[in-house]
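In each ligand, atom 1 is the first atom listed, and ligand 1 is the first ligand listed. Hydrogens, waters and symmetry mates play no part in the numbers below; they use all other heavy atoms, side chains included.
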Amino acid sequence: MTARRIDGSAVARRVRDDVARGVAELVAAGGTAPGLATVLVGDDPASEVYVRNKRRLSTEAGMVDHHRHLPGDVGQAEAEALLDDLAADPAVSGILLQLPTPRHLDSDALVARIPAEKDVDGLSTLNAGLLAQGRPGLRPCTPAGVMRLLAEHDVDLAGAEAVVVGRSPLVGKPMAQLLLGQHATVTTAHSRTRDLAAVCRRADVLVVAAGIPNLIGADAVKPGATVVDVGIHRGEDGLHGDVRYDEVAEVAGLLTPVPGGVGPMTIAMLLANTLAAARTQQGHDG
Ligand code: ADP
């Protein structure tokens, strides 16, 4: 069997087009264009690339760029004060603190300055709690993007065995909760899991977010399974994921590539969250 390839770039483009239309409708209805404040601390090159792309695609969708760049040696109090300013600014609909922040900063305390209604990364305690309880809220962008890819490809989740590899607060944990919300039977595997391949082989839907290149091979995949690779690793010969694409493609039914799979969806969902946040703040819901 050769897996069908999930084209994340194409789905992401459709989501961004929908968002651009939504922005235009909001403005036409008398609202204000959503504003996105990306906050970058320091000069990590990978983070700079991510933030640049977020800014470019948000302005392409008709949003207003409120980017802030802080020096890498900024103090905790100064960083918190900047986030408080953005929180109070009615032109700012969404605030995204680019992680990881430099080690001397307490990033949990920084995220805590972002009001839940502007928390477009879905990282605040309130949004995480709403997700845990299955109530509406802003969802973390990467797992939300994975859910959208699964929906676009009509992947059946009710009653399906889903395995999530990884339990980070930004990806693995919310991913498991979103799958549970769609009635999958969910197993979360992590660094202490015994016999990872055996656990993964149970999966009808396998989502891999461990941050380890080539972790998942064909021996960990049930024939016909849907495999979603959240990993991104920069090698000398380009980008790779956590999944060995070529060998898994021989076994899986549906498979995301790296690049061109989950990556573009993350930014698309950030834009969707920012539009949703702006609508709520401006009373233009539904
Ligand atoms: P991400 O940002 O993609 O969520 P993190 O580095 O924050 O990545 O988290 C990696 C996750 O992967 C952790 O939850 C960890 O338990 C899990 N993990 C790490 N190594 C393994 C492994 N060998 N097998 C399964 N899961 C692993």
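Of all the atoms in ligand 1, the ones that sit under 4.0 Å from a non-hydrogen atom of Val171 are 4 (O). Numbered from 1 in the order shown, with element, the atoms of ligand 1 that lie under 4.0 Å from a heavy atom of Val165 read 25 (C), 26 (N). Against a heavy-atom cut-off of under 4.0 Å, Ala209 is close to the following atoms of ligand 1: 3 (O), 10 (C), 11 (C), 12 (O).
When side chains are defined from C-beta on, Arg139 does not count as touching Met269, because their heavy atoms never get closer than 4.5 Å.
For atom 20 (N) of ligand 1, the closest non-hydrogen atom on the protein side is Ile212 CD1, 3.1 Å. Protein heavy atom at the shortest distance from atom 14 (O) of ligand 1 is Arg167 N, 2.7 Å. Summary of contacts: the protein heavy atom closest to atom 26 (N) of ligand 1 is His190 C, 3.1 Å. Ranking the protein heavy atoms by distance from atom 18 (N) of ligand 1 puts Ser191 N, 3.7 Å first.
Residues passing the side-chain contact (heavy atoms from CB on, under 4.5 Å) test with Pro257 are Arg5, Tyr245, sequence neighbours excluded.
Taking each of Ala210, Gly166, Ser168 in turn, the one with a heavy atom nearest to atom 10 (C) of ligand 1 proves to be Ala210.
Under the 4.0 Å criterion applied to side-chain N and carboxylate O atoms, Asp65 and Arg55 are assigned as salt-bridge partners. Residues Glu161 and Lys222 are not paired through a salt bridge, judged by the lack of any N-O separation under 4.0 Å between the basic side chain and the carboxylate. A salt bridge links Arg21 and Asp18; the closest N-O separation between the charged side-chain nitrogens and carboxylate oxygens is under 4.0 Å.
Taking 4.0 Å as the cut-off, Val230 does not count as a neighbour of ligand 1 on heavy-atom distance. Residue Leu170 places no heavy atom under 4.0 Å from ligand 1.
Under 4.0 angstrom from ligand 1, there are no non-hydrogen atoms of Thr193.
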Is there a side chain to side chain contact (heavy atoms under 4.5 Å, CB included) between Leu40 and Glu48 once you walk through the steps? CA-CA 8 Å; Leu40 177 63; Glu48 279 183 357; 3.6 Å; yes

Show the numbers, then the answer: is there a side chain to side chain donor-acceptor pair (under 3.5 Å) between Thr280 and Asp285? CA-CA 5 Å; Thr280 305; Asp285 278 324; 3.2 Å; yes

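Side-chain N or O atoms of Lys118 include none that pairs as donor or acceptor with a backbone N or O of Ser93 at under 3.5 Å.
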